[in-house]
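Please read these numbers as outputs of a predicted model, since none were measured by experiment. All residue numbers in this chain count up from 1 along the given sequence.
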Amino acid sequence: MDISAFVFLSSSLFLFYVVFSNAVDSITQSQSLSDSKGTNLVSKDGGFVLGFFSTGNTSNRYLGIWYNNIPVRTVVWVANRRNPIGDSSGVLMLNSSGSLVLLSQNRTVAWSADSTKEAGSPVVELLDSGNLVLREKNEENPESYLWQSFDYPSDTWLPGMKLGWDLRTGLERRLTAWKSPDDPSPGELSCGIELNNYPEIVAKCGSKKCGRTGPWNGIGFSGALGLKANQIYDYNFVSNNDEVYIIYHMIKNSAITRAVLNQTSHLYGRDIWVEADKKWITYISTPKDKCDSYNLCGAYGNCIIGESPICQCIEGFKPKSTERWNPDDWAKGCVRTTELSCEDKDKIEFVKFVGLKLPDTTYSWVNKSMNLNECRVKCLNNCSCMAYSNSDIRDGGNGCVIWYGDLIDIRQVEASGQDLYIRMPASEKVNQEDVKDKQKTKVIVVVAIAIAVVFGVPLIAYCICKRKNLREKMKNKQMIDQNIDGQNEDLELPVFSLATIAMATNKFSSNNKLGEGGFGLVYKGILADGQEIAVKRLSRNSRQGLSEFKNEVMSIAKLQHRNLVRLLGYCIEGEEKMLIYEYMPSGSLDSIIFDQMRSNILGWSMRFNIICGIARGLLYLHEDSRLRIIHRDLKASNILLDSKMNPKISDFGMARSFGGDQTEGNTNRVVGTYGYMAPEYAIDGLFSVKSDVFSFGILLLEIICGKKNRGSFHPEYSLNLVGHAWKSWKEGRTLELIDTYLKDSCILSELERCLHISFLCLQQHHEDRPNMSFVVTMLHSESSLQEPKEPGFYVGKKSPSSSKNQSSSTNEITITLLDGR
Ligand SMILES: *[C@@H]1O[C@H](CO)[C@@H](O)[C@H](O)[C@H]1NC(C)=O
Ligand SMILES: *[C@@H]1O[C@H](CO)[C@@H](O)[C@H](O)[C@H]1NC(C)=O
Ligand SMILES: *[C@@H]1O[C@H](CO)[C@@H](O)[C@H](O)[C@H]1NC(C)=O
Ligand SMILES: *[C@@H]1O[C@H](CO)[C@@H](O)[C@H](O)[C@H]1NC(C)=O
Ligand SMILES: *[C@@H]1O[C@H](CO)[C@@H](O)[C@H](O)[C@H]1NC(C)=O
Ligand SMILES: *[C@@H]1O[C@H](CO)[C@@H](O)[C@H](O)[C@H]1NC(C)=O
């Protein structure tokens with residue numbers, strides 16, 4: 001991922017590093033810092049300052065360290081966080097026995113540094129790293145400190161600061177959030193390393209665990225995408241007999257970044273200072289989603305974003321609470337469908353699960369030199385061992401970790417997930433219930449046939465029932481599979497009478513008009529039973545015959561996916577042909593993201609959800625549905641939102657069914673909307689799944705930037721959004737592109753990834769563009785992305801009409817191919 005934007009923006013900061021003429025970076029025994037005199041320590045490079053400050057309205061004074069060059073005072077460390085001084089009497093000094101003390105009125109000690117040794121000639125120095133150290137003046141070893149503030153973190157984790165344990169002294173370095181933005185005293189939220197056999201980072205809310213990263217696997221943590229090396233900083237996890245800690249360093253001193261725990265937002269966030277905007281931007285934050293909350297799904301529950309319910313039992317397990325699995329019951333977790341017999345080792349096997357965040361390691365055991373097979377034997381030989389895995393995933397996997405007791409806090413994580421081998425009764429691998437079900441069906445059918453032969457009893461009824469049952473089950477499992485088979489015979493699509501629809505839409509009143517699509521007007525309607533519907537009244541010039549129309553409607557109705565608008569029925573009477581769809585209460589995407597007043601409804605996480613939903617819907621049309629549909633008119637106004645802001649693609653199948661006489665891949669009527677059309681489609685009428693991918697790229701860009709591709713975006717360049725975005729991106733000015741409303745809510749890494757994917761989709765040659773399944777994969781992974789080639793074309797403004805015979809759904813604008821710039 002390209003993070004050069006930050007590098008670019010932040011590097012200018014370093015020009016501000018002026019040496020302050022009066023500033024000193026250290027004091028000795030004869031000197032002091034005094035609040036009333038306003039004296040400070042400034043690090044040699046001018047990056048940090050140690051001084052006195054107040055918070056909010058209070059007169060409370062604290063001694064702390066903050067960034068010297070950042071106009072928004074950002075405190076990274078507080079000395080007397082539990083014990084503020086009520087006035088400006090504070091003085092920091094080295095007392096006669098060499099201790100660093102903060103004194104207030106009448107020389108009461110407000111805070112002191114508990115150094116291990118008395119110093120002969122001590123000196124206190126604020127280092128460029130932001131570390132305040134106490135050391136012996138003539139100490140040769142530059143890293144031998146009597147005391148250092150990095151050993152006593154507040155809420156901020158700076159580069160070079162160890163988080164974790166010094167096992168020799170028992171010192172734990174742990175982050176603790178401020179109680180509130182105005183109160184630096186320790187809040188409930190804290191974060192540190194749990195010293196298990198297989199250590200992991202755990203966030204605690206009070207004394208309870210509220211989140212964990214999973215253990216270090218040599219590269220990163222299976223449950224924390226953000227904690228992993230990248231272009232700005234790299235991580236290192238150290239675990240030996242003396243120390244267990246995690247540390248990060250800036251690769252180049254290219255950006256100002258900090259990680260901070262926030263009690264108010266309940267987040268751990270990695271922030272980057274953006275000089276151009278004069279503000280901090282959150283690069284990555286945790287918890288990222290619901291599944292990050294500790295043990296949401298209980299023992300053997302697997303938290304899966306996008307599933308409903310979000311908690312699923314891993315295969316071979318069922319919900320412990322037997323009635324409906326309510327959110328309250330999730331934490332009760334899952335139990336085995338078949339009991340384990342412990343003694344008989346032949347009846348045990350270990351089933352491999354992939355892509356998991358490894359379970360809580362409180363009850364774990366590690367041997368770094370065992371291989372996976374030895375690990376398996378070790379686990380097999382102890383009945384309370386429930387799972388094993390490699391302890392280090394580098395070089396194809398090394399080491400052994402095993403888990404005793406119930407497996408807790410598992411989630412599905414596509415990108416960083418690991419393999420876990422879970423103890424199961426032999427042959428419990430496949431979904432036992434389904435197998436049983438099928439066997440039962442077989443037996444019963446055989447018996448029924450026998451009976452039927454003898455008694456002539458029709459068994460058809462039974463079979464139909466059984467089939468329905470199975471289908472219900474499948475529906476619960478995965479909606480995508482739903483129409484792959486077995487739908488042809490009994491798809492019942494209601495026919496509505498014209499009278500019914502006329503009544504529902506108040507006789508097609510203009511007040512009921514929702515919009516105008518490529519194939520006719522759309523009205524809102526309310527049926528007699530109160531159900532809300534959307535009615536698409538197809539333009540009359542379609543010469544399709546009755547049966548042809550019915551066939552097309554049937555094929556559209558078969559396309560069912562949670563990210564497609566559902567067709568409820570149709571109406572055909574005389575000249576009138578209408579399609580009846582489910583009504584989408586939140587309207588279309590364009591009515592929100594392009595509207596100044598409304599665009600703040602959709603924060604980044606919602607937009608990301610929308611992007612992923614559209615991608616899945618399109619993938620289904622392209623690859624998963626039997627029909628292989630090319631949408632050909634994908635655009636923001638064709639994305640509708642339900643009450644929970646889930647996206648649903650509309651108007652799919654229309655081009656194929658009503659778009660006229662195209663042969664595969666070539667059409668003499670271009671159906672689509674300028675600004676969204678791929679060059680080969682707009683100019684040569686060539687369409688393919690890759691022209692949809694292009695449109696998807698435009699859509700992605702519009703969602704990120706909150707601006708239309710078409711329209712006077714940057715008049716002086718006569719570039720449209722694609723052109724402008726490409727230019728900015730190439731020049732490292734990504735942040736200028738983002739919708740203002742997103743700047744606060746976005747997870748930059750995710751947003752930048754989307755932007756990058758968008759450019760991959762917009763490449764000029766369709767063979768360079770990814771297909772939708774690759775797009776979906778890229779959206780959900782962290783792997784590095786290819787460099788995109790220059791985007792297809794920019795739409796110029798105010799050009800004469802093109803010569804093609806076009807039926808675009810909005811006003812026409814010519815397309816000019818972009819010459820290589
Ligand atoms: C700050 O003080 C003003 C007036 O004294 C008061 O109205 C306001 O609520 C105070 N704000 C905070 C955060 O305490
Ligand atoms: C210096 O400060 C330390 C820590 O507060 C204290 O234990 C010690 O007695 C002080 N020494 C003198 C001479 O006041
Ligand atoms: C500080 O000393 C002054 C006079 O020496 C006395 O009046 C005052 O009460 C003392 N304050 C505290 C907080 O001890
Ligand atoms: C914590 O979050 C609150 C609200 O989101 C914000 O106002 C505050 O500045 C944050 N504090 C820090 C230290 O980032
Ligand atoms: C770890 O495994 C190796 C190889 O099997 C073995 O030699 C060693 O004794 C084991 N160490 C422990 C502490 O069990
Ligand atoms: C299995 O492992 C547990 C936890 O380490 C231990 O308490 C128990 O003694 C072991 N049982 C056997 C049979 O080794």
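Looking at K278 and P71, their side chains come closer than 4.5 Å, going by heavy atoms from C-beta outward. C291 is not listed as a side-chain neighbour of V413, based on a closest heavy-atom distance of 4.5 Å or more. Annotation: side chain of R753 is not in contact with side chain of L779 (no heavy-atom distance under 4.5 Å). Using a 4.5 Å heavy-atom cutoff, the side chains of M578 and F508 are in contact. W729 has its side chain out of reach of P791: every pair of non-hydrogen atoms, C-beta onward, lies at least 4.5 Å apart. The shortest side-chain heavy-atom distance between L589 and E702 does not fall under the 4.5 Å cut-off. Looking at L564 and K648, their side chains never come closer than 4.5 Å, going by heavy atoms from C-beta outward. Side-chain atoms of I310 and K290, non-hydrogen and from C-beta on, do get closer than 4.5 Å to each other.
With hydrogens and angles disregarded, a donor-acceptor distance shorter than 3.5 Å links the side chain of R769 to the backbone of K690. For the pair N512 (side chain) and K524 (backbone), a donor-acceptor distance under 3.5 Å is present. Remark: side-chain polar atoms of E582 are paired, donor with acceptor, to backbone N or O of R566 under 3.5 angstrom. The closest donor-acceptor contact from the side chain of T777 to the backbone of S773 lies under 3.5 Å. Not a single donor-acceptor pair under 3.5 Å links the side chain of E752 to the backbone N or O of S749. Side-chain N or O atoms of N638 include one that pairs as donor or acceptor with a backbone N or O of D633 at under 3.5 Å. In this structure, the side chain of S509 does not engage the main chain of T505 through any donor-acceptor pair within 3.5 Å. Of the possible donor and acceptor atoms, none in the side chain of D155 sits under 3.5 Å from a partner among the backbone N and O of W178.
In the model, S691 has no side-chain atom that pairs as donor or acceptor with a side-chain atom of R632 under 3.5 Å.
Heavy atoms only, all atoms of each residue included: S588 and A636 are closest at CB-O, 4.2 Å.
A salt bridge is defined here as a Lys NZ or Arg NE, NH1 or NH2 lying under 4.0 Å from an Asp or Glu carboxylate O, and D651 with K536 meets this definition.
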I'd like to know whether L621 forms a side chain to side chain contact (heavy atoms under 4.5 Å, CB included) with D692, so could you lay out the CA-CA distance, the side-chain angles of the two residues, the decisive distance to 0.1 Å, and finally the verdict. CA-CA 10 Å; L621 288 176; D692 273 358; 5.9 Å; no
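Classification of the W157-Y268 ring pair by plane angle, with boundaries at 30° and 60°, yields tilted. Ring planes of Y248 and Y235: tilted class, angle from 30 to 60°.
In this structure, CG on L567 lies 5.5 Å from OH on Y581, to the nearest 0.5 angstrom.
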